[in-house]
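Below: one structure, written as structure tokens.
If you're wondering where the values come from, they're calculated on a predicted model, not measured in any experiment. Per chain, numbering begins at 1; letters A, B, ... match sequence-line order.
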Amino acid sequence: MTGLGTLGLLLAFAASVLLFAGAGELFFNALRWKPAHAADRLLFSIAAGVTLLELAVTAGQLAPTLPTGVRIACIAVAIAGLAGLRFAFADLRECLRVCSALSGAPRILAAALLLVLALEMLASLAPLTGSDALHYHFAAQQIFLADGFHAPWPLLHGFFCGLGHQLILAALTLRSGRLAQLWLFLGGAVAAFATLRVAQLFSANLKANAGAAAKADVWPWFAAIAFTLTPVSVWQISTAGAPDIWLCALLPLTLRLLLEIFRAGREVALVPVLVAGFLAGAVAGTKYTGIFLAAVLLAGFALAARSAGRTALFFAAAVVTGIWPYLRNWLWTGDPLFPFLLARSHAPHPATFNATAVSAILADTGATHGMSLWELAKFPLMAAVDYQHLGAWQLLGPLVLAFAPVALPQLRKTGEGRIALLVWILGALAIGASSGMARFLLPLLPVALAASIGAAAGATRGRWRVLRALLLVSLAGFCAAGFAAMAAYSHRAWSVALGRTSPDAYLSANAPDYQRSQFVNRELASQRDGRVLIFFRHLYYLRVPYFNGDPQDSWPMNPQLLNAAGQGSEAWRELFRNHGIRWVLKSPKYPRELAAALENLEQQGVLAPCASGEVAEFSGNRIEGQRVREPITLLCVR
Amino acid sequence: MARSASLLYWRAMNQERRKFSAGEAFLCAWVVVAQLWYFWQFRSLLAALTSRFLHRS
């Protein structure tokens, strides 16, 4: 990408952020709701603007021509953004004024936070390499754009797409995958500032909450920086390409609103209740585990508002906002949480049920994971470790574990603290019990860090000088180590974003299955009709029509049907005919479940080699960088 | 031992003195040990990643 192209992209991104904020401001003005602080207004507005775009794209998807519908949705939100732009500018000016008035350590830490976010934004400009993003976050949207809005049976992870994926769909419709990556980065940036705002609530000793003391407080800034430098956050904010990062923004923002509602008591107006429900609905609609988090927010709201009527209103607003991905899945499959409810209720029959795929998805998402109470208890402390699948994606940092014993008694003292504790602990237990996966705790990390660091600051104010100093040293040490780790992890992404490495060389070295995709693209570039049956996982860089052959992720690739005795090659011939498959890619082997049948087709001459080569692909975890050369063969269907 | 630790913990949480105490020492020890234990769990991963980075650079 040229320097001019990058500059243009950054300008487009900046303009889009202002339009998101403008649309959100307009929405809140229409509701006659205005948070007291400019920073809150800006953060809530951006989150609301993004959610409005997601809802508009959800409606636009239903248009007869999907790209046209999505473009109309983008234009509608942009017009709303323009109408609210002057409010967004006013809030931005106020935020800049407050930031420029900072002095001493908070000023340095604010600059450090902006530097870290700028470096993460730079990394997010690199071409996409995140495994799940290449597999389905981006690839499923490509399929919708190419084939229309249909049930993604050949890519079952497509059913997991929620409201957050509409951002990717919108950006891809606007022909810019990198704009999508920047919009995901925006989620991380909003999350960092939301962490700051929640931590500021808890770090000020509630008994002696003085404005001057709050301004000089370094702890909330450390909480925000610690969030941005936690290894899992660095990955998710910069290069992962996963919309889950928006949960990290929506959750603390909703919590902040719950705390405001708690402070207002029974006098609270209905509008903040609606806004809180709207944001909780966006949490629920982002992904399946978002439902647990939204349920925990509902419990937090009930504790904050202590009103059945208002809790019902919160619930209704959340349902209206977040129900759409589940309604879509229900209409397509009869299971709003496809395939999780189906797996529990269906009497398997090979003609209608791909047991291989369902089992693989249940195992992959941790839905079948069992754990002891001791293992579960580690989840709220962000200290759960799956030794069998040890990976950097579990590195949520030791700060919550270290700070929690100091913070918990402080949090228990106040109503605000108890609400935060409820959301943090209950949410973490729900994630742990349902998935068993530590990385799914990331949406709770901003709340856990803000509450534990903020409350530890409040607890040690005026006493325990040694402990307070030790906590500060721990924070500074974690941030320094996190910065070094970020530099080590992101330097290749920075290099390609700055134009020092070519995108092709970067992708060849860092994107899984990129060389396989390039082989297929090269060999089939001149072909007009037909699809290639592929078995590898990362589909985003394929530029020719393909059909996903992975029996663990493609409903039609049902081994029970395709390997059925007595059917021979007829089932395969029917599959090839129905889906226009003219080629099969073998790289280096076929999936274990289908290998015997496909090798039989080779022996029968149904599949014959028509091109071959060699590619270098990752062996084991990508982050370990081990690569092996392996053969790749394209077979023609005869 | 767990009972003594919990007693020390609750005493520490309820003290308002500025003077360094056994309770504060207990909390300091927790902060250090918790971080060491956390990273100890990831020792094989961290060692592999560090050696890979050092090898490459």
Side-chain angles (χ1 to χ4, degrees), chain A residues 231 378 381-387 389-410 412-413 438 452 456 459-475 477-478 481 484-485 487-489 491-492 509 620-621 623-626, chain B:
Chain A
K378 292 180 188 171
L381 298 169
M382 308 278 148
V385 179
D386 180 359
Y387 293 102
H389 307 96
L390 199 63
W393 55 83
Q394 295 177 38
L395 277 166
L396 290 159
L399 292 178
V400 176
L401 175 70
F403 281 57
V406 187
L408 290 179
Q410 179 79 1
R412 279 182 51 205
K413 286 179 188 168
S452 59
T460 55
R461 182 163 290 130
R463 60 174 178 168
W464 296 341
R465 277 180 297 178
V466 177
L467 176 64
R468 191 173 171 87
L470 185 62
L471 292 176
L472 273 175
V473 167
S474 299
L475 279 172
F478 178 79
Y489 177 73
H491 73 277
R492 289 183 208 90
N621 282 336
I623 200 166
E624 288 162 12
Q626 301 291 329
Chain B
M1 188 175 166
R3 193 162 172 267
S4 309
S6 92
L7 198 65
L8 211 54
Y9 174 65
W10 286 111
R11 268 191 197 159
M13 295 318 299
N14 291 318
Q15 74 158 13
E16 295 292 337
R17 292 182 303 164
R18 284 170 176 269
K19 202 174 154 191
F20 192 71
S21 62
E24 187 178 359
F26 171 77
L27 288 171
C28 288
W30 170 271
V31 170
V32 172
V33 171
Q35 292 181 75
L36 290 176
W37 176 74
Y38 181 86
F39 285 119
W40 179 252
Q41 293 184 101
F42 288 99
R43 63 193 178 282
S44 60
L45 176 74
L46 294 173
L49 294 179
T50 308
S51 81
R52 186 192 164 213
F53 174 69
L54 293 176
H55 177 69
R56 288 230 165 173
S57 59

- Message: Using every non-hydrogen atom in the two residues, find where A:Ala402 and B:Val31 come nearest and quote the distance to one decimal.
- Response: O-CG2, 3.7 Å

- So which of A:Pro409, A:Ala488, A:Pro405, A:Ala404 has the biggest tally of heavy-atom pairs under 4.5 Å with chain B? A:Pro405

- Of all heavy-atom pairs linking B:Tyr38 and A:Gly397, the shortest is OH-N, 2.9 Å

- Note on the structure: Bottom line for B:Ser44: the part with an atom under 4.5 Å from chain A's heavy atoms is side chain

- Query: Can you list the steps and then say if B:Leu45 with A:Leu395 is a side-chain contact (heavy atoms from CB on, under 4.5 Å)?
  - Reply: CA-CA 10 Å; B:Leu45 176 74; A:Leu395 277 166; 4.2 Å; yes

- side chain to side chain donor-acceptor pair (under 3.5 Å) against B:Gln41, all qualifying residues, sequence neighbours excluded: A:Tyr387

- Quick check: does any side chain N or O of B:Gln35 sit under 3.5 Å from a backbone N or O of A:Leu399, one acting as donor and the other as acceptor? no

- Worked check of side-chain contact (heavy atoms from CB on, under 4.5 Å) between A:Gln394 and B:Phe42: CA-CA 9 Å; A:Gln394 295 177 38; B:Phe42 288 99; 3.9 Å; yes

- Message: Nearest 0.5 angstrom please: A:Leu470 CG to B:Cys28 SG, how far?
- Response: 5.0 Å

- Query: Between the side chain of B:Trp30 and the main-chain N/O of A:Leu401, is any donor-acceptor distance below 3.5 Å?
  - Reply: yes

